[in-house]
Amino acid sequence: MKVALLMGSDSDLPRLEPCIAQLRELGIECEARVLSAHRTPADVIRFVEAAPGRGFGVILCAAGGAAHLAGVVTAHTDLPVLGIPMDNPPLGGLDALLSTVQMPGGVPVGTLGVGPGGPVNAALLAARILALGDAGLSKRLAAHRSAQTEKVLAKDRALQAKRG
Ligand code: RP5
């Protein structure tokens, strides 16, 4: 299945490139779109309603400021929706974090962290959701985790060698 990455503005795109790259590295097809809950509400709903029929299994929603995108999207679908709060000035993402995380009961949005970890973790969480029904992806995720572990252990070995 594919992942949709909706972003409220093209100004969000540079900070979302690592999310797209992570999905591609895991062999997951990602469609990235600029669609805004405030500026293009009808297009958001059109996209979301068509998403299951187009083979999307997870929808990622990145927005800053008064970040309503993930909430609006999840109100129109039963697909898993993950919100990525963007760290914009002047409030540094706290605004988007609170908008995204404080959903009323019955309208679930899984909220990622603010800052560079958020977009990458959104990709990895989406991959874990899709891997529940995809044995090949599950193996690729396990390999990714082992490689990450090995990278850190190599840094530890280098530090030990330097310090004698
Ligand atoms: C949000 O407002 C967008 O997701 C973006 O993070 C922020 C600013 O958008 P622009 O004014 O840069 O288009 O809706």
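Only a predicted model underlies this, so the values are computations on that prediction, with no experimental measurement involved. Note that ligands are numbered from 1 as they come in the structure, with each ligand's atoms numbered from 1 the same way. Both backbone and side-chain heavy atoms feed into the values below; hydrogens, waters and symmetry mates do not.
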D78, CG atom: more than 12 neighbouring heavy atoms under 6.0 Å: no

Identify all pairs of nitrogen or oxygen atoms, one from ligand 1 and one from the protein, separated by less than 3.5 Å, and list them with distances.
from: ligand 1; atom 1: 4 (O); to: D12; atom 2: OD2; distance (Å): 2.6
from: ligand 1; atom 1: 4 (O); to: G64; atom 2: N; distance (Å): 3.1
from: ligand 1; atom 1: 6 (O); to: D12; atom 2: OD1; distance (Å): 2.6
from: ligand 1; atom 1: 6 (O); to: D12; atom 2: OD2; distance (Å): 3.4
from: ligand 1; atom 1: 6 (O); to: G64; atom 2: N; distance (Å): 3.1
from: ligand 1; atom 1: 6 (O); to: N88; atom 2: ND2; distance (Å): 2.7
from: ligand 1; atom 1: 11 (O); to: R39; atom 2: NH2; distance (Å): 3.3
from: ligand 1; atom 1: 12 (O); to: S9; atom 2: OG; distance (Å): 3.4
from: ligand 1; atom 1: 12 (O); to: S11; atom 2: OG; distance (Å): 2.7
from: ligand 1; atom 1: 13 (O); to: S9; atom 2: OG; distance (Å): 2.6
from: ligand 1; atom 1: 13 (O); to: R39; atom 2: NH1; distance (Å): 2.7

Fit a plane to each ring of H68 and H38, take the angle between them on a 0 to 90° scale, and name the class: parallel (under 30°), tilted (30 to 60°) or perpendicular (over 60°). perpendicular

Same apolar cluster: F56 and V3, side chain cutoff 4.5 Å: no

Please tell me whether I129 and L6 are part of a single hydrophobic cluster in this structure, the criterion being side-chain heavy atoms less than 4.5 Å apart. no

Test: E17 and R15 ion pair at under 4.0 Å: no

Are the charged groups of E49 and R54 less than 4.0 angstrom apart, N to O? no

